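Throughout, a chain's letter reflects where its sequence line sits, starting with A, and its residues are numbered from 1. This structure is a prediction, so every number in the text was calculated from the model and none was measured.
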Number of protein chains: 2
Amino acid sequence: MASIYDVAKLARVSTATVSAVANGQDKVEPRTRRRVLAAIKKLHYQPNLYARNLARGKTCLLGLIVSDIANPFFGEVTQSIRQEAQACGYELSLASTQFSGEDLVLAVKRMLGMRVTGLAIMTTEMTAEVLEILQASKTPAVFEDVGTVSETISNIRIDYDGGIFKAVRYLVDLGHRRILFVRTYPESTEQERPLLSISLRTQAFLKVVKQFESSRVEPEIVSYTGPGPKAGQLAIQKAFDERKEFTAAIAIADPVALGVLHGLHRRGLRIPEDISVVGFDNSYLCEYLHPPLTSVDIPRGRLGKMVVDCLISNIEGKHAGRELVLETNLVVRESATCLIETSRAHLGRSGKSLGRPLDLR
Amino acid sequence: MASIYDVAKLARVSTATVSAVANGQDKVEPRTRRRVLAAIKKLHYQPNLYARNLARGKTCLLGLIVSDIANPFFGEVTQSIRQEAQACGYELSLASTQFSGEDLVLAVKRMLGMRVTGLAIMTTEMTAEVLEILQASKTPAVFEDVGTVSETISNIRIDYDGGIFKAVRYLVDLGHRRILFVRTYPESTEQERPLLSISLRTQAFLKVVKQFESSRVEPEIVSYTGPGPKAGQLAIQKAFDERKEFTAAIAIADPVALGVLHGLHRRGLRIPEDISVVGFDNSYLCEYLHPPLTSVDIPRGRLGKMVVDCLISNIEGKHAGRELVLETNLVVRESATCLIETSRAHLGRSGKSLGRPLDLR
DNA sequence: TCACCGTGGCGAGCATTTACGACGTCGCGA
DNA sequence: TCGCGACGTCGTAAATGCTCGCCACGGTGA
């Protein structure tokens, strides 16, 4: 590949001039500029980014680490972050950890090696080592859902409580009292390590249910390990095997909801007549499922913008160490309906009454 | 961030020694090594990748450009490529074009600026400029579905013909004669520019149908522009509006099939009893749809491995300029069934006979 | 004639790697 | 015991491609 010297020689100017032209500075005479441009085109010159960044001493590079790019949710968020970053004059470098703590450390080190000017970490896993490295490097960073903030680190908290509250209230208003929370863990998880978003969502569910104590809401939880849909299906099966009673289910994420729906269908249950289902993420497919899935929406576009804005203000040293909150909303579709007594039959369980349905106003 | 000088000073050695230690060379005395290691740890030293790559004159970096990372299919392929690359000692840099030709050019230039040692381009769009730049730079590359190969460029051709042949034969064996091909274009498409995978798949359909001439198969095609599922739904609506007759539909991609299914449901049609549907990509959700979607599978894992293998052999200069073929397979699930006369009624069209169903053996 | 401005060259970094060479130590043979 | 060569260890310096501050040069206007 041609270097700046080759271009300089061909255009009979110094490398400084080539550099000026390549960077669009206007202090070059038009005639000279044209000569240089011609040489650049002829040699298909592309400035070596390594040399450039080294010389400039800054990179205009943002890093993003996610748990799994194959997950459409992260795909969409990545997309939005990339656009937002580009609009602000930054490039984006992407890494994926496959839910592995070691891979996270590796990815962070690599990002620091690239001297990213800011780093966003949106993973379900997190380790003390990462925190330490990040603190030491003083690289501006943004976490998602990790509680910690510091001088250079901000945190974006997704308001799971709010979203789940809306979902539960909706279900309660529909008359549901026995609500199943379906939780899944990615396969490669070492169980002892807490997985942020998962435990946060679970805690939110438990906390919210407590708020509905007076309505006698009874929570149930099933867990299963594996890739989303499959684990969802198996989890719902397990719930039946364990004779859990429920008239509505909240899935921890949409892919999981997909499996739940499938498991329910396979069992001959109708949705929403027999069981109501609510998802989480409001992914693009919700609308096209059968029935269309009611789901808690995490606004990706807003998230992306928030991440980049936050990162940039951290970089510029103002407002660092904040905790921002991203609101969530329930998007109602057709996968939940009001509880009717007949539905009990389909569960094939004791006819024990759940109390009369609430006034649905 | 600490530089190699800081480490050298703290460990009272030269930078060359630090370099040797950091790169795991064994020509350093254990005592010295320990001192250096301690200094590295203390300062949280991370070698500057820009300086390193510049000095080394090579990058061990593979580039990957896709049309849309938010698309789960690309997400999964990316994942598999990344793993494969890592196994071969390469890093992966990712870019996404949003189906824009200009973005493609930008992305390619950026990759060349990073001096990737190999570049994989898996986009539906392609321009002559990209070809020219790539040829000139002599960077080893792999395309997907672009026909061209050259001294440094290989091509992986996905065997759409084979996959669609299997799909059509399957449908024909089930008695279907009027088959609708549902095609969608991404929004930002300038229509005049040919979109590779889309036109390839369409051509494959037409070619295959011709092979079934003797069975009196009659093809129909609808197109719509927009994001997959939505466009699929609208396309199927349009097909009815235009009074196209069909008993089975093949969607150009799974997200599109999702929309087709949805549109059909909304119209009160049952699947597969009234209309059979076949998707394309065999994405993870097929299995969990209602009904589970029969789809043509493009093996992602194999694709990833193929891309990396091909790239590496191009880099090593052997077997460059090849065209490889990736086979595709029909994964049969429950969204298609044999044609029964009653289904005609649901279309509300003329009772014109389609001839007797084939022997289904 | 002088000051100033527009233009473009010069050279010093930027952080790292690597070839090469210096230095010291050790062993072995005379 | 001395000397020489080999080897292990580490430092020196050049090289990588580019940017940017500074300066020189020539032309223009006052």
Legend entry - Over 12 non-hydrogen atoms of neighbours within 6.0 angstrom of CD in B/E29: yes

Legend entry - Nucleotide D/dC10, atom P - distance to NZ of B/K9 in whole Å: 20 Å

Legend entry - Check: A/P140 main-chain N/O paired with A/N314 side-chain donor or acceptor under 3.5 Å: no

Inset, instruction - Report the nucleotide, chosen from C/dT17, D/dC18, C/dG9, that has the shortest atom-to-atom distance to any side-chain atom of B/A55. - result: C/dT17

Inset, instruction - Go through C/dA15, D/dC18, C/dT18 for me and flag the one nearest to the A/I4 side chain. - result: D/dC18

Legend entry - Minimum-distance nucleotide to A/Y5 side chain [options: C/dG9, D/dG17, D/dT12]: D/dG17

Legend entry - Shortest side-chain distance from B/S3, nucleotide among C/dC10, C/dA15, D/dT19: C/dA15

Legend entry - B/I121 and its side chain to side chain contact (heavy atoms under 4.5 Å, CB included) partner, picked from B/L64, B/L134, B/V146: B/L134

Legend entry - N/O (side chain, B/Y45) to phosphate O (OP1/OP2, C/dT16) under 4.0 Å: yes

Inset, instruction - Report the nucleotide, chosen from D/dG11, D/dC18, D/dT19, that has the shortest atom-to-atom distance to any side-chain atom of B/A16. - result: D/dG11

Legend entry - Protein-nucleotide distance (A/R52, atom CZ; C/dA15, atom C1'), rounded to Å: 18 Å

Inset, instruction - Can you see which heavy atom on B/V21 is nearest to which on B/R33, and at what distance? - result: CG2-CA, 4.2 Å

Inset, instruction - Could you check whether B/V13 gets within reach of a base, just the sugar-phosphate, or nothing at all, counting any heavy atom under 4.0 Å? - result: sugar-phosphate

Inset, instruction - Measure from the side-chain heavy atoms of B/A51 and tell me the nearest of C/dT7, C/dA15, D/dG17. - result: C/dA15

Inset, instruction - Counting heavy atoms from C-beta on, name the nucleotide in C/dT17, D/dT9, D/dC18 closest to the side chain of B/N23. - result: C/dT17

Inset, instruction - Indicate whether OP1 or OP2 belonging to C/dG8 is found under 4.0 Å from a side-chain N or O atom of A/S14. - result: no

